[in-house]
Amino acid sequence: TGMNKNTEFVMYVDNFLDENILKGLQNNFLNLDYTAMVTKAGAHYGFRYNFPKSFYNDPIVTVIKNTFFPNRNLNPIQISANIRFNTTNPLFHVDTHASNETGERNNHANFLLYVIGETSLNNGTGFMTDKSLSSSVGFVENRAVFFNGNKIFHSDLQSFGNSSSRYTLNIFYEEK
């Protein structure tokens, strides 16, 4: 494969999980103990549940690897369920989880699975090039998005118009 941790990429796949697996995941997401998320300025924009390390061996994680990066040595460093309802301002950012050993940004790839929400472009994710919104992936339940979140500025698009709360499975990967 030509992709490595320095490559900028965005890929997505529809109907990612088997319908029964998706339904089970949706039911689980409705019963998690979420924590509020706020910006540095104090604006509340959603909730997060961090899965325990035991979830890192879940069959869903294997399906992700086999689909998006069968020949890369990417390992999960954070897996979370997120609820977003950002209606004020876009929060464009890169993900910068620092390694304890080197201080380098070590999340070389991001995975998003759109789990629960209204089908809408505004519920989706936008990507920037040269400080301008350059592409977007609309929200469709069971759509998987894989991208280099360490290199590409991205945000939910909920502040751009009508949207619903969106539930996503988020995974940050480190390349070994």
Side-chain angles (χ1 to χ4, degrees), residues 3 7-19 21-30 32 34-41 43-51 60-61 63-65 67-69 74 76-97 107-173:
M3 273 193 296
T7 303
E8 293 183 20
F9 60 89
V10 177
M11 301 179 279
Y12 72 92
V13 173
D14 286 336
N15 302 310
F16 186 69
L17 296 175
D18 174 82
E19 189 174 325
I21 294 171
L22 177 65
K23 294 289 184 209
L25 194 63
Q26 289 172 328
N27 288 334
N28 288 340
F29 270 44
L30 295 174
L32 296 173
Y34 292 91
T35 302
M37 296 188 307
V38 295
T39 64
K40 290 179 183 175
H44 184 249
Y45 63 93
F47 297 92
R48 173 176 291 144
Y49 171 82
N50 288 317
F51 286 97
I60 291 173
V61 177
V63 171
I64 296 165
K65 176 175 180 48
T67 302
F68 288 108
F69 55 93
L74 293 172
I77 55 175
Q78 180 183 356
I79 301 178
S80 61
N82 292 274
I83 306 170
R84 288 273 178 116
F85 51 82
N86 174 31
T87 59
T88 55
N89 295 305
L91 300 171
F92 282 99
H93 63 283
V94 290
D95 296 304
T96 57
H97 295 282
N107 59 300
H108 299 122
N110 293 24
F111 172 83
L112 278 176
L113 178 66
Y114 297 150
V115 178
I116 302 170
E118 291 179 12
T119 298
S120 166
L121 181 60
N122 291 338
N123 260 359
T125 305
F127 301 94
M128 292 180 82
T129 302
D130 298 324
K131 299 183 181 180
S132 295
L133 180 64
S134 59
S135 61
S136 58
V137 177
F139 188 101
V140 175
E141 287 184 359
N142 205 16
R143 175 175 281 171
V145 185
F146 188 67
F147 62 99
N148 187 327
N150 168 324
K151 300 281 183 195
I152 303 171
F153 277 84
H154 57 280
S155 176
D156 65 79
L157 298 174
Q158 293 172 306
S159 65
F160 289 98
N162 291 338
S163 64
S164 70
S165 294
R166 72 175 211 179
Y167 291 71
T168 60
L169 174 66
N170 297 49
I171 304 178
F172 296 130
Y173 287 95

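FYI, the numbering just counts along the sequence from 1.
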For [X], which residues count as a side-chain hydrogen bond (donor to acceptor under 3.5 Å, both in side chains) partner, sequence neighbours excluded?
X: Y167; answer: none
X: D18; answer: none
X: T125; answer: Y114, R166

Restricting to ring-ring contact (aromatic ring centres under 6.0 Å, His included), what partner residues turn up for [X], sequence neighbours left out?
X: Y49; value: F51
X: F147; value: F127, H154
X: F29; value: none

Below 3.5 Å, can you tabulate the donor-acceptor pairs from side chains in residues 21-28 to any protein atom, sequence neighbours excluded?
| residue | atom | partner | partner atom | Å |
| --- | --- | --- | --- | --- |
| Q26 | NE2 | V115 | O | 2.8 |
| Q26 | NE2 | E141 | OE1 | 3.2 |
| N27 | ND2 | K23 | O | 3.4 |
| N28 | ND2 | G24 | O | 3.4 |

Please name all residues satisfying side-chain contact (heavy atoms from CB on, under 4.5 Å) with [X], sequence neighbours left out, ordered by chain then number.
X: A36; result: H44, F47
X: S136; result: L121, L157
X: N82; result: M37, R48, S80, T168, N170
X: T67; result: V13, F16, V63

Non-neighbouring partners of D130 that pass salt bridge (Lys or Arg N to Asp or Glu O under 4.0 Å), sequence neighbours left out
none

